[in-house]
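Take a look at the structure below.
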Amino acid sequence: MQKYLPHIRIPFKLFDDERIRKIPEEYRSSSLLILISLLKFVNTQNGQCYPRQSTISSMVCLHRSTIYRCTELLQEVGILKTKRLKSTLLYTIHSDYLVNKKYNVSSRNSNVSLKDMSCRMMTDISKTTIKETIISNLVKEIVDTGGDKELIIDKLSTLPRNTLTKAIQEKDNPYYCNLALSKQDEKGKGVLVDIPKNIINEIRKKSHFGYQQKVSKTKRDHDRKIKSKDLLRGNSKD
């Protein structure tokens, strides 16, 4: 059973943000909805995510042309940046809109007002040391070379299962690690594996009737020669 329901972490300032106000009113609500949908997939360590436009469209029920226009507006006001990959876009969300720092509300001296909470939950990414891991390095390498979501999942699925499980527990690209585990499960359900040609030829050769007959004849001839040598050696001793 899950300890908590999956959710999206959104800073309070998002709904009263100066950059959002710069977007024309006719696109403002759609742009806000698209930004929230991107926060579902974002890696809070680097602010990046790679959802396809069709995925965003199915989530927010907006036409692709509207999504394209709103994405441009979000770029113009400095909320996010995009980079063209092989089959999707790489979105990089400004650090002001990432909630990636745990806030301890148990302290007696803490001011938990909405204004203080919004400021404390923001992390200045320039002052944060990002822990580089095998998963994050692999994802970064694929993205830098123009790879897409499918390639990331393919590469991650080759890693040991316990490595992916540990990464999910440590919230290290859990979205892609979960998909990689699912791909590993699919491979274990009767997916055909390419067998090297030399192994196939060897099996075909050894299972051929003529080859088996030749091996049997060679063995009989060898045994006959051994017996003849033993018999001659016995006669010479006499």
Side-chain angles (χ1 to χ4, degrees), residues 4-102 118 121-126 128 130 135-136 138-144 146-153 156 167-168 170-180 182:
Y4 58 88
L5 293 175
H7 60 282
I8 301 173
R9 303 187 70 185
I10 304 171
F12 295 134
K13 65 165 286 182
L14 182 63
F15 302 100
D16 190 30
D17 186 71
E18 293 180 359
R19 295 189 183 100
I20 294 292
R21 289 179 179 176
K22 292 179 182 179
I23 298 175
E25 287 188 4
E26 58 179 315
Y27 291 107
R28 191 174 299 168
S29 59
S30 297
S31 299
L32 185 61
L33 190 57
I34 290 168
L35 177 58
I36 293 173
S37 70
L38 291 175
L39 289 172
K40 174 185 177 181
F41 304 99
V42 73
N43 178 350
T44 53
Q45 291 184 343
N46 56 23
Q48 296 180 343
C49 56
Y50 326 87
R52 295 176 182 272
Q53 202 174 67
S54 57
T55 303
I56 299 173
S57 178
S58 64
M59 287 177 59
V60 299
C61 299
L62 293 174
H63 194 272
R64 292 192 181 188
S65 60
T66 303
I67 295 173
Y68 178 78
R69 177 58 181 151
C70 290
T71 301
E72 283 190 328
L73 291 171
L74 289 169
Q75 290 183 82
E76 289 176 7
V77 296
I79 292 177
L80 61 82
K81 297 178 181 179
T82 62
K83 177 183 176 182
R84 170 60 60 183
L85 300 179
K86 187 176 180 180
S87 60
T88 185
L89 285 176
L90 167 63
Y91 299 91
T92 303
I93 300 176
H94 195 285
S95 59
D96 284 354
Y97 304 92
L98 303 178
V99 182
N100 57 353
K101 183 177 180 180
K102 293 184 179 179
S118 62
M121 291 183 74
M122 291 299 125
T123 299
D124 184 353
I125 200 164
S126 63
T128 302
I130 299 174
I135 306 292
S136 60
L138 183 59
V139 171
K140 184 177 183 300
E141 182 181 344
I142 295 171
V143 172
D144 289 344
D148 60 0
K149 172 184 173 182
E150 297 303 323
L151 183 57
I152 292 172
I153 297 170
L156 290 181
I168 293 172
E170 295 177 351
K171 301 189 184 304
D172 179 11
N173 291 277
Y175 174 72
Y176 292 104
C177 289
N178 274 310
L179 292 177
S182 299

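What you see is a predicted model; the values in this text were computed from it and never measured.
At least one donor-acceptor pair closer than 3.5 Å links the side chain of Arg52 to the backbone N or O of Ser87. Without hydrogens or angle criteria, Ser57 side chain to Leu62 main chain gives a donor-acceptor distance under 3.5 Å. Thr92 places no side-chain N or O within 3.5 Å of a backbone atom of Gly47 that could act as its donor or acceptor partner. When atom types are taken as modelled, the side chain of Ser31 and the backbone of Tyr27 share a donor-acceptor pair closer than 3.5 angstrom.
Between Pro51 and Leu38, the shortest heavy-atom distance links the atoms CG-CD2, 3.8 Å. A pairwise comparison of heavy atoms in Asp17 and Leu14 identifies CB-O, 3.7 Å as the closest pair. The two residues Arg19 and Val77 have their closest heavy-atom pair at CD-O, 3.1 Å. Considering all non-hydrogen atoms of both residues, Leu90 and Gln48 come closest at CD1-CB, 3.8 Å. The minimum heavy-atom distance linking Met59 with Ser37 is given by the pair CE-CB, 3.7 Å. Taking each heavy atom of Thr66 and Ile34 in turn, the nearest pair found is O-CD1, 4.5 Å.
Taken to the nearest 0.5 Å, the OH atom of Tyr175 stands 10.0 Å off from the CD1 atom of Ile152. One distance of note links CG of Asn46 with OG of Ser95; it measures 11.5 Å at 0.5 Å rounding. Taking CZ of Arg28 as the reference point, atom CZ of Arg21 lies at 8.5 Å (rounded to 0.5 Å). Atom CD of residue Gln75 and atom CG of residue Leu80 lie 6.0 Å apart, to the nearest 0.5 angstrom. With rounding to the nearest 0.5 angstrom, the CG atom of Asn43 is 12.5 Å from the NZ atom of Lys140. Note: Ile10 CD1 to Ile36 CD1 = 4.0 Å, rounded to the nearest 0.5 Å.
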### Message
Show, in sequence, the C-alpha distance, side-chain angles and deciding distance for Lys13 and Asp96, and conclude whether the side-chain contact (heavy atoms from CB on, under 4.5 Å) test is met.
### Response
CA-CA 9 Å; Lys13 65 165 286 182; Asp96 284 354; 4.3 Å; yes
### Query
Between Thr44 and Val99, is a side-chain contact (heavy atoms from CB on, under 4.5 Å) present by the stated rule, with each step listed?
CA-CA 7 Å; Thr44 53; Val99 182; over 6 Å; no
### Stepwise side-chain contact (heavy atoms from CB on, under 4.5 Å) check, Gln53 with Thr71
CA-CA 10 Å; Gln53 202 174 67; Thr71 301; 5.7 Å; no
### Message
Let's go through Tyr91 and Val42 carefully: what are the C-alpha distance in whole Å and the side-chain angles of both, what is the deciding distance for side-chain contact (heavy atoms from CB on, under 4.5 Å) to 0.1 Å, and is it a yes or a no?
### Response
CA-CA 8 Å; Tyr91 299 91; Val42 73; over 6 Å; no
### Task
Could you give me the CA-CA distance, side-chain angles and deciding distance for Arg69 and Glu72, then say whether salt bridge (Lys or Arg N to Asp or Glu O under 4.0 Å) is met?
CA-CA 5 Å; Arg69 177 58 181 151; Glu72 283 190 328; 3.5 Å; yes
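At a threshold of 4.5 Å between non-hydrogen side-chain atoms, the residues Leu156 and Ile135 count as touching. In this structure, the side chains of Pro24 and Leu73 come closer than 4.5 Å at one or more pairs of heavy atoms.
Ring centroid separation for the pair Tyr50 and Tyr176 comes in under the 6.0 Å cut-off.
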